[in-house]
Amino acid sequence: MSLVSELNSLDFSVYIGGPLQAAVKAQQDASISQVNFIKEVGFIPATAAVSGGASAVPAQLRYVDFNYQKSVPNPLYDPTVTGSLPTKDANVSLKVPFLTMLTIPALRIDEITIDFNAKLNSVETQAVSSEFAGNASVSGKIWKVKFNASASYKKTNSSTSTTEKSYTLGVHVRAVNDELPAGLARILDMLEDGIGSTTT
């Protein structure tokens, strides 16, 4: 088989299409992983209704509560009153959606490079052998001479052709944590806007 025929016989749909299909599958898995992450981490799972008991509770956004103290202006401060202080300690409660505190995975395949190298070496060897054999004899008397001779010649040709094949496949994938989809980014912005503190 010639080198051109060897190259034409390669199934490039396997060598090129295989890595591309794997990349698409990886991207799909990454998107599903993002959805599962939001559902499992950002929400308290829904509970089903109990017959004759509690009713069903839908999934609810998970919050993180922070309680701390800080100094706030004292509305009862009177500089004319001995012991009156301009500030006082107050308890502050802060309720923050858990999702706004996390980096949501948004893995995206940015670039994929496929290097496929085919190395074909065609080696043809030819062997030629020849064999010659002969003998002669002479006998005679004074007026008669007898000459006997025989010879044989044999030539053998043989040729072999071999093709050495070696293939290398290199796949380079560059993935980045992409920006969040517009809808999800908008929801997170709304959650952040809803963060407020309560002072008591």
Side-chain angles (χ1 to χ4, degrees), residues 12-117 167-200:
F12 286 96
S13 64
V14 174
Y15 301 113
I16 307 300
L20 291 179
Q21 291 178 354
V24 172
K25 179 68 167 51
Q27 182 67 75
Q28 181 182 359
D29 292 345
S31 298
I32 294 176
S33 177
Q34 183 187 56
V35 173
N36 291 335
F37 176 85
I38 293 174
K39 290 171 59 179
E40 296 173 3
V41 177
F43 288 84
I44 300 173
T47 56
V50 179
S51 178
S55 58
V57 177
Q60 297 182 358
L61 192 63
R62 193 186 303 273
Y63 286 90
V64 179
D65 295 326
F66 295 92
N67 296 308
Y68 59 96
Q69 287 188 336
K70 77 173 190 178
S71 295
V72 297
N74 185 4
L76 302 178
Y77 172 63
D78 186 353
T80 61
V81 177
T82 303
S84 179
L85 299 175
T87 61
K88 67 172 186 176
D89 291 337
N91 296 320
V92 180
S93 298
L94 192 62
K95 198 178 188 74
V96 181
F98 193 35
L99 278 178
T100 62
M101 302 172 60
L102 304 174
T103 298
I104 298 178
L107 199 63
R108 177 177 62 85
I109 295 178
D110 183 59
E111 180 180 350
I112 177 170
T113 303
I114 301 174
D115 296 323
F116 177 71
N117 296 314
Y167 307 114
T168 59
L169 179 65
V171 180
H172 308 275
V173 178
R174 179 176 178 271
V176 297
N177 201 41
D178 202 9
E179 295 181 357
L180 294 176
L184 179 58
R186 176 62 178 154
I187 291 174
L188 291 177
D189 288 341
M190 294 172 64
L191 293 177
E192 289 180 358
D193 292 340
I195 297 175
S197 61
T198 303
T199 304
T200 58

For Val35, is there any backbone N or O sitting under 3.5 Å from a side-chain donor or acceptor partner on Glu40? no
Are Val92 and Val72 side-chain neighbours, meaning at least one heavy-atom pair lies under 4.5 Å? no
Would you give the length of the straight line joining atom NZ of Lys70 to atom NZ of Lys88, rounded to the nearest 0.5 angstrom? 12.5 Å
Can you tell me how far the CD atom of Gln60 sits from the CD1 atom of Ile44, to the nearest 0.5 Å? 6.0 Å
Would you say Leu184 and Gln34 make side-chain contact, with heavy atoms under 4.5 Å? yes
Could you tell me which residues satisfy side chain to side chain donor-acceptor pair (under 3.5 Å) with Gln69, sequence neighbours excluded, listed by chain and number? Asn91
Leu107 to Asn177 - nearest heavy-atom pair and separation: N-OD1, 3.6 Å
Flag the pair Pro181 / Arg186 as yes when at least one side-chain heavy-atom distance between them is below 4.5 Å, and no otherwise. no
Drop me the distance from Ile38's CD1 to Ile104's CD1, to the nearest 0.5 angstrom. 4.5 Å
Listed partners of Asp193 passing side chain to side chain donor-acceptor pair (under 3.5 Å), at least two apart: none
Which residues share a ring pair (Phe, Tyr, Trp, His ring centres under 6.0 Å) with Phe37, sequence neighbours left out: none
Tell me the ring-ring contact (aromatic ring centres under 6.0 Å, His included) pairs involving residues 56-90, sequence neighbours left out? none
Would you give the length of the straight line joining atom OG1 of Thr198 to atom CG of Asn67, rounded to the nearest 0.5 angstrom? 9.5 Å
Side chains of Phe43 and Leu61 in contact at under 4.5 Å (non-hydrogen atoms): yes
Side-chain donor or acceptor of Glu192 paired with backbone N/O of Thr100 under 3.5 Å: no
Shortest non-hydrogen contact between Leu180 and Ala106, atoms and distance: CD2-CB, 4.1 Å
Between Ala49 and Ala56, what is the shortest heavy-atom contact and its length? CB-N, 3.4 Å
Contacts of type ring pair (Phe, Tyr, Trp, His ring centres under 6.0 Å), residue Phe116, not counting sequence neighbours: Phe12, Tyr15
Can you find a pair of side-chain heavy atoms, one from Val41 and one from Arg62, that are under 4.5 Å apart? no
Are the side chains of Ser93 and Asp65 in touch, meaning some heavy atoms are under 4.5 Å apart? no
Minimum heavy-atom distance between Gln27 and Ile109, given as atom pair plus value: OE1-N, 2.9 Å
Closest approach of Ala46 to Ala59 (non-hydrogen atoms, all atoms of both residues): CB-N, 3.4 Å
Test of understanding: with side chain to side chain donor-acceptor pair (under 3.5 Å), list the residues that count as partners of Asp78, not counting sequence neighbours. Thr80
